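This report refers to the structure that appears directly beneath it.
What you are looking at is a predicted structure, and each value in this text was computed from that prediction instead of being measured.
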Amino acid sequence: MLKFDIHKTCTKTAARAGRIETDHGEILTPIFMPVGTVGSVKAVHMPELSDDIHAQIILGNTYHLYLRPGLDTLYKAGGLHKFNSWSGSILTDSGGYQVFSLAHRRKITEEGVTFRSHIDGSKHLFTPERVMDIERIIGADIIMAFDECCPGDADFHYAKKSLALTEDWLRRCVKRVNETDPHYGYHQSLFPIVQGCVYPELRTRAAEFVASLGAEGNAIGGLAVGEPTEKMYEMVELTNSILPKDKPRYLMGVGTPINLLENIARGVDMFDCIMPTRNGRNGQLFTSYGTINIRNAKWAQEFSPIDPEGTSFVDKQYSLAYLHHLIRADEILGLQIASIHNLAFYLRLVREAREHILAGDFSEWKDKMVRQLNNRL
């Protein structure tokens, strides 16, 4: 079984420092999980992830891994851990986000979702049972239930109908996991997902249902998908007031560094987002003092480190001017340096949040950091 211990809770906020243990190791929370959609975190080697960025858990995506490299390859490899040589923990998103992001390529019924592949146009039916089987083959330590990620601007009628479908699918996911076994000799934990859009009535209902299942951990989905930021914070706060306090809470697909700090303050333990790598590849750097658009000419002769407080080797080895040159010249190395820097910053930010929770001054530190992170350098 997945283990979770809370080491300390902030007295002024709901922030908590804890520890998750899976069969692949220890995860100190709060934690940020780099996204490795198709089995790789873009532009980053596994040793860099573990040794320099200090990632403790990464993500894979069920929909994308199902299409490429495919289940036969993953099964013969012995699961994703052996296929991509990552020795730490892995979490797999069930494909529920693709129900939202690939709306033009899918059809939803009570049975499941039929996707038309973005690669070759072929059709594939994802049912809750099929998704659990796929996640068994991928072999992640934490597997997510199949759900519909409802748009953030959906009306109440659509959101209510969507939630009913998600709850029915969740029952089927739980049943399928209970009647099957892992393939590779280690435990897999199913996390249900709280949906309900921005409607307190629906979020309350969803959180109460999820809490009643007694899962090893729980997730909050359907946020950062078009709704106002304050609504996201409101829904997280409401949901976490209902979810069990002794189980880890995972906020899916969120977000900016400020989003992380504000949601840690609201009791979230786990995060993931493509932002550090995607934005890095497009020239946006996150630093302790604010964000940088490294493409701007002002950095062309700035020979100081990328982030003077950075702990990654790229922060110590390369200057802003050199990274500006690489990005402007479309050099692959520039994408790699920016990705490593941003991921290392995100992991350092949550480590520091943990340290300040343990020290008892998280609230004051968080407020100071939010002011700094709002800067555009």
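The number of heavy atoms from other shown groups lying within 6.0 Å of CD (E179) is above 12. Summarising the local packing, NZ of K42 is surrounded by 12 or fewer heavy atoms from other residues, nucleotides or ligands at distances under 6.0 Å. Counting non-hydrogen atoms of neighbouring residues, nucleotides and ligands closer than 6.0 angstrom, the CD atom of E201 reaches no more than 12 such neighbours.
Just one of I119, V38, T73 meets the side chain to side chain contact (heavy atoms under 4.5 Å, CB included) condition when paired with R68; it is I119. Screening R176, R172, K175 against E129 for a side-chain hydrogen bond (donor to acceptor under 3.5 Å, both in side chains) leaves a single residue, R172.
Counting only N and O atoms by type, the side chains of N259 and Y233 include a donor and acceptor under 3.5 Å apart. Side-chain contact, D272 with Y250: a donor N or O sits under 3.5 Å from an acceptor N or O.
Scanning all heavy atoms of the two residues, the minimum distance from E26 to Q56 falls at O-OE1, 3.3 Å. The nearest pair of heavy atoms linking E167 to A206 is OE2-CA, 3.9 Å. Between A338 and L285, the shortest heavy-atom contact is CB-CD2, 3.9 Å. Nearest heavy-atom pair across S94 and F146 is OG-CA, 3.4 Å. Minimum interatomic distance between L323 and G334 (heavy atoms only, all atoms of both residues): CD1-O, 3.6 Å. Taking both residues in full, the closest heavy atoms of E309 and S288 are given as OE1-OG, 3.6 Å, listed atom of the first, atom of the second, then distance.
A donor-acceptor pair is defined here as one N or O able to donate and one able to accept, closer than 3.5 Å; such a pair exists between the side chain of D120 and the backbone of S122. Looking only at distances, a side-chain donor or acceptor of H341 sits under 3.5 Å from a matching main-chain atom of F286. Between the side chain of D155 and the main chain of Y158, a donor-acceptor pair closer than 3.5 Å is present. Although no hydrogens or angles enter the test, the distance criterion places no donor-acceptor pair under 3.5 Å between the side chain of H54 and the main chain of A344. With hydrogens and angles disregarded, a donor-acceptor distance shorter than 3.5 Å links the side chain of R136 to the backbone of T180.
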Next on the checklist: Using the rule given for side-chain contact (heavy atoms from CB on, under 4.5 Å), can you reason through L202 versus F156, listing the C-alpha separation, both sets of side-chain angles and the distance that settles it, and then say yes or no?
Outcome noted: CA-CA 9 Å; L202 299 182; F156 182 84; 3.7 Å; yes
Item to check | Verdict with supporting geometry, F271 and Y346, ring pair (Phe, Tyr, Trp, His ring centres under 6.0 Å) | outcome: CA-CA 10 Å; F271 301 87; Y346 268 59; 9.5 Å; no
Next on the checklist: Using the rule given for ring pair (Phe, Tyr, Trp, His ring centres under 6.0 Å), can you reason through F115 versus Y63, listing the C-alpha separation, both sets of side-chain angles and the distance that settles it, and then say yes or no?
Outcome noted: CA-CA 9 Å; F115 290 100; Y63 166 83; 5.0 Å; yes
Item to check | Chi angles and distances behind the salt bridge (charged side-chain N to carboxylate O under 4.0 Å, His left out) call for E352, R348 | outcome: CA-CA 6 Å; E352 290 181 359; R348 176 162 61 92; 3.5 Å; yes
Item to check | Working for side-chain contact (heavy atoms from CB on, under 4.5 Å), residues E48 and Q336 | outcome: CA-CA 11 Å; E48 290 162 343; Q336 187 175 19; 3.6 Å; yes
Next on the checklist: Quick one, S312 with D52, criterion side chain to side chain donor-acceptor pair (under 3.5 Å). Give me CA distance, side-chain angles, the key distance, then yes/no.
Outcome noted: CA-CA 6 Å; S312 168; D52 194 53; 2.6 Å; yes
Next on the checklist: Under the criterion side-chain contact (heavy atoms from CB on, under 4.5 Å), I'd like the reasoning laid out for V194 against N218: C-alpha separation, chi angles, the key distance, then a yes or no.
Outcome noted: CA-CA 8 Å; V194 175; N218 300 296; 5.6 Å; no
Checklist entry - Where do Y318 and H325 land on the ring pair (Phe, Tyr, Trp, His ring centres under 6.0 Å) test, with the steps shown first? => result CA-CA 11 Å; Y318 301 112; H325 158 67; over 10 Å; no
Item to check | K298 vs E302, salt bridge (charged side-chain N to carboxylate O under 4.0 Å, His left out): CA-CA, chis, key distance, verdict | outcome: CA-CA 8 Å; K298 66 183 291 185; E302 180 55 68; over 6 Å; no
Checklist entry - Checking side-chain contact (heavy atoms from CB on, under 4.5 Å) for the pair F32/C273: CA distance, chi angles, key distance, verdict? => result CA-CA 8 Å; F32 179 82; C273 191; 4.0 Å; yes
Item to check | Derivation of the side chain to side chain donor-acceptor pair (under 3.5 Å) call for E135 and T92 | outcome: CA-CA 7 Å; E135 292 193 81; T92 40; 2.7 Å; yes
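Under the 4.5 Å side-chain heavy-atom criterion for ILVMFWY residues, no single connected hydrophobic cluster contains both L243 and Y199. Linking Ile, Leu, Val, Met, Phe, Trp and Tyr residues whenever their side-chain heavy atoms come within less than 4.5 Å places L349 and L59 in a single cluster. Under a hydrophobic-cluster definition in which Ile, Leu, Val, Met, Phe, Trp and Tyr are linked whenever side-chain heavy atoms come within less than 4.5 Å, directly or via other members, L343 and L333 are assigned to the same cluster. Cluster membership check: I134 shares its hydrophobic cluster with V174, using side-chain heavy-atom separations under 4.5 Å among Ile, Leu, Val, Met, Phe, Trp and Tyr. W86 and L91 fall within the same hydrophobic cluster, defined by Ile, Leu, Val, Met, Phe, Trp and Tyr side-chain heavy atoms under 4.5 Å apart, directly or through other members.
The aromatic rings of W365 and H356 sit parallel, their planes meeting at an angle under 30°, below the 60° perpendicular limit. Under the 30°/60° scheme for interplanar angles, the aromatic rings of Y186 and H81 are found to stand perpendicular.
From R249, atom CZ reaches atom CG of N263 across 11.5 Å, with rounding to the nearest 0.5 Å. Taken to the nearest 0.5 Å, the CD1 atom of I327 stands 11.0 Å off from the OH atom of Y322. For the atom pair CZ of R105 and CZ of R116, the computed distance is 8.5 Å after rounding to the nearest 0.5 Å.
The six-membered or imidazole ring of H118 lies away from that of H104, with a centre-to-centre distance of 6.0 Å or more.
With respect to the salt-bridge test (charged N to carboxylate O, under 4.0 angstrom), the residues K12 and D367 do not qualify. Salt bridge annotation for E262-R266: present, with a cationic side-chain nitrogen under 4.0 angstrom from a carboxylate oxygen.
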